[in-house]
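Right, one structure below, let's go through it.
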Protein chains: 2
Amino acid sequence: MTRAEPATTIREIAALAGVSGGTVSRVMNDKPGVGAATRERIKALIEEHDFHGDATARQLSRGRSDSLGIVFPLQVSEVVMHPVYPELLGAISDAAQDAGYDVILFTTNATRGVDHVLDSVKRKRVDGLILPAASSDDALLGRVVDAEIPTVLVGHRQRAGRVTWVDCTHDEALYEQTTTLLHGGRRSLTLLNGPARISAYNLRSEGFWRAIRDFGDDRVTADEKVTEMGYASGVAAVDELFARRSRPDAILCSADTTAAGVLEQLGKLGRAVPGDVAVTGFDDIEYSRHSTPPLSTVRMPLHDTGAAAVSLLLEMLTGHGATPEPRVLQTEVIERESSAG
Amino acid sequence: MTRAEPATTIREIAALAGVSGGTVSRVMNDKPGVGAATRERIKALIEEHDFHGDATARQLSRGRSDSLGIVFPLQVSEVVMHPVYPELLGAISDAAQDAGYDVILFTTNATRGVDHVLDSVKRKRVDGLILPAASSDDALLGRVVDAEIPTVLVGHRQRAGRVTWVDCTHDEALYEQTTTLLHGGRRSLTLLNGPARISAYNLRSEGFWRAIRDFGDDRVTADEKVTEMGYASGVAAVDELFARRSRPDAILCSADTTAAGVLEQLGKLGRAVPGDVAVTGFDDIEYSRHSTPPLSTVRMPLHDTGAAAVSLLLEMLTGHGATPEPRVLQTEVIERESSAG
DNA sequence: CTGTTAGCGCCTTCAG
DNA sequence: CTGAAGGCGCTAACAG
């Protein structure tokens with residue numbers, strides 16, 4: 001196939017084909033109203049001249065951008081550090097691009113706040129937003145609702161106006177982990193959890209306590225400690241827990257990184273895992289498959305979550321204005337040696 | 001300050017101010033040729049009506065987008081898993097937005113390849129590209145050079161046409177780590193490194209061997225093993241190394257995650273760290289501050305790297321066509337207990 | 001089936 | 001200092 005000079009406007013192709021710009025436009029958008037022969041001829045010309053059209057002009061003319069924004073709050077260290085975000089971001093970007101949408105990455109930090117993002121969203125005509133790390137006290141969230149920007153929250157369940165969400169079964173995962181531990185004979189459980197304003201943590205708390213209640217044994221003692229997630233917190237938590245009288249025989253962590261710290265510190269204190277203490281994590285990072293002992297954990301369906309977020313957003317954009325129902329995806333509880341009965 | 005109906009076009013503001021659209025445009029772009037009084041009046045109106053202009057129309061008119069693309073190869077598992085990318089991505093996005101540029105995130109995967117990215121780049125009039133994970137066999141890299149798209153490589157040193165790069169002193173870091181180990185009395189060193197087609201790994205190899213040569217002691221034995229980075233590789237490498245006769249008394253790893261596996265497995269084999277074997281890592285992830293023993297490692301200037309990448313790209317875009325010189329930033333070697341002499 | 005005609009909203013000469 | 005006019009490249013409505 002010979003390549004001629006790359007053409008830069010629709011009119012050049014039109015001139016070459018001996019038709020008008022409108023016809024070329026119809027061909028490029030696969031719209032009806034062009035004879036098969038002309039269509040083929042134009043397609044060949046487009047191919048030959050490596051012509052791609054100009055997205056900017058198209059946007060201006062159609063009044064929409066076919067692009068969506070992802071907002072990442074860099075000032076929230078939990079987010080930047082959290083091992084699941086790269087994969088989630090990748091999944092969202094993947095799904096968006098497959099649907100013909102471009103992804104614009106917005107980051108907020110200590111100085112550049114939500115106003116800046118909203119300005120860009122308006123100026124750039126971003127069609128919709130995906131917020132992978134919102135919490136109930138998020139300033140952006142309120143503004144997005146007011147501005148009626150179609151938005152999908154990931155990992156935070158809050159619905160209002162043009163805002164819907166996709167999340168996974170954090171509650172069921174913790175319910176299952178907790179129940180399994182109880183059936184395995186554990187009687188003094190501690191949950192190391194993140195702050196409840198992030199609904200993922202809140203749900204895990206719920207599942208944990210519901211499992212305790214449902215088990216219905218008075219001799220069971222349970223406790224929840226809210227802390228930052230991370231290795232250091234795990235270490236600190238163990239130190240604190242074992243300085244007390246009532247020492248847990250099971251520690252459930254809302255992050256594998258925290259669990260790693262817990263495992264390490266239990267080792268130092270001479271506590272056997274899972275003999276003396278069972279430990280579970282959340283996230284299924286690579287480490288957890290290889291730690292000593294291998295860590296029981298929960299895998300979130302990150303790829304499907306990203307895809308679902310995009311699909312929900314597209315529904316809102318192309319649909320008839322109704323905000324679609326939230327979507328809940330299934331987590332997978334992974335049993336390894338660290339919590340063996 | 002009262003807010004009236006948000007205005008949506010420059011002409012609305014113009015009508016309100018009793019001037020023409022051109023004048024408002026001049027005000028919005030801080031261009032001369034408007035009387036102080038009119039300028040103030042228009043500014044007030046803009047503020048009052050929360051008017052932001054339309055980026056799309058502006059782009060079309062000016063022929064550029066004020067946006068840059070970041071390309072992330074999701075099919076390269078090393079990249080997705082690697083703990084430094086979130087921070088780097090954040091830094092790039094931050095710097096770009098501060099400079100008034102939008103960031104478009106492109107991902108390639110097994111099916112959607114480089115063609116798709118290049119198409120988008122052309123159609124979207126993306127002004128330039130940042131490639132945070134290129135290697136010498138990267139198909140995109142060649143295409144980008146041919147297409148003369150202003151591009152900055154991060155972490156891979158290759159210069160051609162409109163392509164330049166920013167990187168940090170991987171070589172010096174390894175040189176320093178190696179030299180320190182040798183001066184500490186270690187005599188049998190093994191480097192666990194990634195593949196040389198990624199220049200970061202290649203440079204580390206260089207620094208390692210140069211340090212060995214410079215030390216100039218025949219009794220020193222050194223070896224380099226190329227492997228994937230990650231926890232599992234560290235475990236496997238230790239198993240293999242200690243099944244042999246000549247056992248290293250120092251293991252240098254090109255990633256903290258690998259070093260974590262090494263520490264773990266050495267522990268299982270009953271080898272003391274740093275007593276029997278010194279261990280070093282690279283990346284300074286959170287774990288390394290808390291591991292047993294705390295891990296000596298190298299911190300890359302990720303934030304500055306992202307900022308430098310953006311600044312180089314802007315130089316290319318606004319400058320006089322000359323491709324700017326590459327920039328090398330300083331790594332920081334961090335000594336902790338795992339390599340104590 | 002195809003061409004023509006208006007815009008989309010802004011920027012940028014060129015006059016005045 | 002300001003207004004008017006043309007154009008960026010494409011789409012969509014309307015004729016033919």
Side-chain angles (χ1 to χ4, degrees), chain A residues 6-43 45-46 49-67 100 102 119-127, chain B residues 6-43 45-46 49-67 100 102 119-127:
Chain A
T8 64
T9 80
I10 219 173
R11 270 191 283 275
E12 290 177 36
I13 300 288
L16 259 22
V19 298
S20 78
T23 301
V24 176
S25 170
R26 280 185 275 258
V27 171
M28 291 206 57
N29 295 293
D30 283 320
K31 293 207 169 165
V34 182
T38 358
R39 190 180 290 272
E40 283 317 308
R41 184 158 41 97
I42 294 173
K43 275 193 172 169
L45 248 12
I46 289 173
H49 290 263
D50 194 29
F51 178 66
H52 294 281
D54 183 311
T56 308
R58 182 194 168 94
Q59 281 179 213
L60 182 57
S61 177
R62 306 206 320 167
R64 40 177 299 201
S65 65
D66 282 351
S67 71
D102 278 305
D119 281 7
S120 295
V121 166
K122 287 178 195 160
R123 284 187 307 112
K124 282 275 175 173
R125 302 188 180 193
V126 172
D127 296 328
Chain B
T8 63
T9 80
I10 220 172
R11 269 189 284 275
E12 290 177 36
I13 299 289
L16 258 22
V19 298
S20 79
T23 302
V24 176
S25 169
R26 282 184 272 257
V27 171
M28 291 205 57
N29 296 294
D30 282 319
K31 295 212 166 163
V34 183
T38 351
R39 190 181 290 272
E40 283 317 310
R41 186 158 39 97
I42 293 173
K43 275 192 171 168
L45 249 11
I46 288 172
H49 291 262
D50 194 29
F51 178 67
H52 294 281
D54 182 308
T56 308
R58 182 194 169 93
Q59 280 179 212
L60 181 58
S61 178
R62 306 206 321 167
R64 39 176 300 201
S65 66
D66 283 351
S67 69
D102 278 305
D119 281 7
S120 294
V121 166
K122 288 178 194 160
R123 285 187 305 113
K124 283 274 175 174
R125 302 187 180 196
V126 171
D127 296 328

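In what follows, chains are A, B, ... by sequence order, proteins preceding strands, each numbered from 1. For the numbers below, each heavy atom of this structure counts, side chains included, while hydrogens, waters and symmetry mates do not.
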### Message
I need the A/Phe51 CZ to A/Met28 CE distance, nearest 0.5 Å.
### Response
5.0 Å
### Query
Side chains of A/Gln59 and B/Lys124: donor-acceptor distance under 3.5 Å anywhere?
yes
### Task
Provide, to the nearest angstrom, the distance between the CD1 atom belonging to B/Ile42 and the P atom belonging to D/dT2.
8 Å
### Task
Measure the distance from CZ on A/Arg41 to C1' on C/dT2 and round it to the nearest whole Å.
11 Å
### Query
So, does B/Arg41 use its side chain to make a donor-acceptor pair with the main chain of B/Ala17 at under 3.5 Å?
yes
### Flag, side chain of A/Asn29 to backbone of A/Lys31, donor-acceptor distance under 3.5 Å
no
### Query
Tell me, for nucleotides 8-16 of chain D in 5' to 3' order, what letter each nucleotide earns: B for a base near a protein heavy atom under 4.0 Å, S for only sugar-phosphate near one, - for neither?
BBBBBB---
### Task
Return the set of residues passing side chain to side chain contact (heavy atoms under 4.5 Å, CB included) with B/Asp119 (not counting sequence neighbours), or none when no residue passes.
A/His52
### Task
Pick base, sugar-phosphate or nothing for A/Gly33, based on heavy-atom distances below 4.0 Å to the nucleic acid.
base
### Task
Compute the bend angle of the helix from C/dC1-D/dG16 to C/dG16-D/dC1 from the end axes (five pairs per end), rounded to 10°.
40°
Between [X] and [Y], is any pair of side-chain heavy atoms under 4.5 Å apart?
X        : Y        : result
A/Leu60  : A/Arg125 : yes
B/Lys122 : A/Asp50  : yes
A/Thr56  : B/Ser65  : no

